[in-house]
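To start, the structure under review is shown below, and the notes come after it.
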Amino acid sequence: MSRKALIAANWKMFKTPAEAKAFVDAFLPLVAGHSRDEIALFPSPVLLPTVIEAAKGSNVVIGAQNIHFAPEGAFTGETSIGQLKAVGGTHTLIGHSERRQYFAETDEIVNKKLHAALENGIVPVVCVGEVLADREAGKTGDVLKKQIDGALVGITAEIAAPIVIAYEPVWAIGTGKTATPEMAVEAHKIIRAEVAKLLGPAVAAAVRILYGGSVKPANAKELIGQEEIDGALVGGASLKADSFAAIVKY
Ligand code: PGA
């Protein structure tokens with residue numbers, strides 16, 4: 001089964017609205033007519049209206065880096081799915097390792113956010129990945145299975161179709177160290193097998209699993225070109241239009 005790749009930019013806490021607009025204005029012509037892959041940008045919430053307006057009518061979709069699972073309420077500093085949808089956002093990252101590490105996001109919170117996204121028609125990109133100590137202790141498979149099991153509690157095959165998973169080994173994020181294609185493929189196979197166990201072979205065959213962690217123009221092809229790797233989630237190398245366009249067109 002062929003899966004359409006998703007190439008996604010995680011801008012993290014970078015760019016002003018003016019810088020974000022300048023990126024989109026420079027980026028769109030570079031990827032105009034590119035239909036082989038889906039392209040997504042994940043800017044900070046304060047940038048969403050600017051980026052969505054600038055990308056309107058293009059082949060680039062826009063999402064949030066984080067959403068809250070509650071429809072609204074007294075949750076200072078958070079963004080609801082309703083707010084994201086109201087400004088035209090269609091996707092969201094969930095459980096990025098920086099959210100897990102610095103903002104205490106647990107598998108249980110990831111699961112609540114995944115339910116909320118699916119119930120409200122937002123495409124979720126659920127991030128999983130092991131830290132270096134896990135890998136060195138030979139626990140990568142166990143960690144990935146636990147994160148997938150935790151994320152998918154109560155999710156049925158009937159509602160699972162929009163789910164995208166991003167495998168991001170934490171030791172490869174922002175470090176310049178990239179998983180080898182073999183390491184990434186092995187991890188993706190573990191994730192896909194776990195999805196098959198929980199949601200059946202049809203969902204597992206269709207679910208897109210992205211690789212993230214120091215993806216750049218020079219290594220994009222050897223990673224995304226793998227049959228098991230259905231795209232990339234790109235941090236640092238997504239901040240410049242020419243660099244991210246080169247990755248999209250690997
Ligand atoms: P990086 O970040 O490409 O800068 O390693 C990836 C991510 O955190 O999604």
Side-chain angles (χ1 to χ4, degrees), residues 5-15 19-20 23 27 37-45 47-48 51 60-67 89 91-105 109-110 113-114 117 123-132 134-135 140 143-144 147-148 151 163-181 183-185 187-188 191 208-226 229-250:
L6 171 64
I7 317 289
N10 173 11
W11 284 354
K12 309 195 179 185
M13 200 171 69
F14 291 98
K15 295 192 188 293
E19 289 164 352
F23 176 106
F27 179 67
D37 314 281
E38 282 176 25
I39 309 168
L41 303 177
F42 292 90
S44 302
L47 305 177
L48 283 167
V51 173
V60 177
V61 298
I62 316 297
Q65 295 171 9
N66 175 44
I67 42 91
H91 290 54
T92 188
L93 303 182
I94 296 177
H96 187 278
S97 68
E98 286 150 18
R99 300 289 319 164
R100 294 177 188 256
Q101 198 177 343
Y102 305 129
F103 303 98
E105 272 192 33
I109 295 172
V110 168
K113 292 181 174 185
L114 180 57
V123 177
V125 179
V126 178
C127 305
V128 297
E130 80 286 2
V131 299
L132 187 59
D134 298 327
R135 178 159 284 272
T140 298
V143 168
L144 295 177
Q147 289 174 338
I148 294 295
I163 299 174
V164 178
I165 297 170
Y167 168 59
E168 298 205 300
V170 180
W171 50 269
I173 294 178
T175 58
K177 288 185 200 152
T178 314
T180 62
M183 286 160 95
V185 166
H188 283 217
I191 291 166
R208 289 180 293 178
I209 307 177
L210 319 183
Y211 169 78
S214 298
V215 174
K216 33 188 182 280
N219 60 24
K221 194 180 175 78
E222 64 175 18
L223 288 160
I224 311 169
Q226 305 292 325
I229 301 183
D230 309 313
L233 182 56
V234 187
S238 76
L239 291 169
K240 293 220 161 73
D242 53 352
S243 161
F244 188 52
I247 293 171
V248 168
K249 298 198 265 186
Y250 68 88

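Read the numbers this way: they start at 1 and go in the same order the structure lists the ligands and their atoms.
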Exercise. Check ligand 1 against Gly213 and write out every atom of the ligand that is under 4.0 Å from a heavy-atom position of the residue.
Key: 5 (O)
Quiz prompt | Polar proximity ligand 1 side, Thr175 side, N/O cut 3.5 Å exclusive | solution = no
Practice problem: Report yes or no: does a heavy atom of Lys216 sit under 4.0 Å from some atom of ligand 1? | Solution: no
Quiz item: Which of the numbered atoms in ligand 1 are below 4.0 angstrom from a heavy atom of Ala172?
Solution: 5 (O)
Quiz prompt | Contact atoms of ligand 1, heavy-atom distance to His96 under 4.0 Å | solution = 7 (C), 8 (O), 9 (O)
Practice problem: For ligand 1, indicate whether the residue Asn10 contacts it via side chain, backbone, both or neither (heavy-atom separation under 4.0 Å). | Solution: side chain
Self-check item: side-chain contact (heavy atoms from CB on, under 4.5 Å), paired with Ile209, selected from Leu6, Val128, Ile191
Solution: Ile191
Practice problem: Kindly confirm or rule out an N or O of Gly212 lying under 3.5 angstrom from an N or O of ligand 1. | Solution: no
Quiz item: Phe42 vs His91 aromatic rings, parallel, tilted or perpendicular, using cut-offs 30° and 60°?
Solution: perpendicular
Self-check item: Ligand-residue contact atoms, ligand 1 with Lys12, heavy atoms, under 4.0 Å
Solution: 2 (O), 7 (C), 8 (O)
Quiz prompt | atom 3 (O) of ligand 1 [closest protein heavy-atom partner, distance rounded to 0.1 Å] | solution = Gly235 N, 2.8 Å
Quiz item: So, do Tyr211 and Thr178 sit near enough that their side-chain heavy atoms are less than 4.5 Å apart?
Solution: yes
Quiz prompt | Taking every non-hydrogen atom, the tightest pair across Arg208 and Asp230 | solution = CA-OD2, 3.5 Å
Quiz item: Going by distance only, is there an N or O of Gly174 that falls short of 3.5 Å from an N or O of ligand 1?
Solution: yes
Quiz item: What's the shortest heavy-atom distance between Ile229 and Leu223, and which atoms?
Solution: CD1-O, 3.2 Å
Quiz item: Looking at ligand 1, does any of its N/O atoms fall within less than 3.5 Å of an N/O of Ala237?
Solution: no
Quiz item: Quick one: does Ser238 get a heavy atom under 4.0 Å from ligand 1?
Solution: no
Self-check item: Non-hydrogen side-chain atoms of Glu98 and Ile173 separated by less than 4.5 Å
Solution: yes
Quiz item: What residue and heavy atom of the protein are closest to atom 7 (C) of ligand 1, and at what distance?
Solution: Glu168 OE2, 3.1 Å
Quiz item: Cut-off 3.5 Å, side chains only: do Gln65 and Trp11 have a donor facing an acceptor?
Solution: no
Quiz item: Which heavy atom in Thr92 sits nearest to a heavy atom in Ala117, and how many Å separate them?
Solution: CG2-CB, 4.4 Å
Quiz item: So, for Trp171 and Lys177, which heavy atoms are closest and what is the spacing to 0.1 Å?
Solution: O-CB, 4.1 Å
Quiz prompt | Shortest protein contact, atom 4 (O) of ligand 1 (heavy atom only) | solution = Gly236 N, 2.8 Å
Quiz item: Does Ser214 reach ligand 1, in the sense of a heavy atom lying below 4.0 Å from it?
Solution: yes
Quiz item: What pair of heavy atoms forms the shortest contact from Leu48 to Gly63, and how long is it?
Solution: CD2-O, 3.5 Å
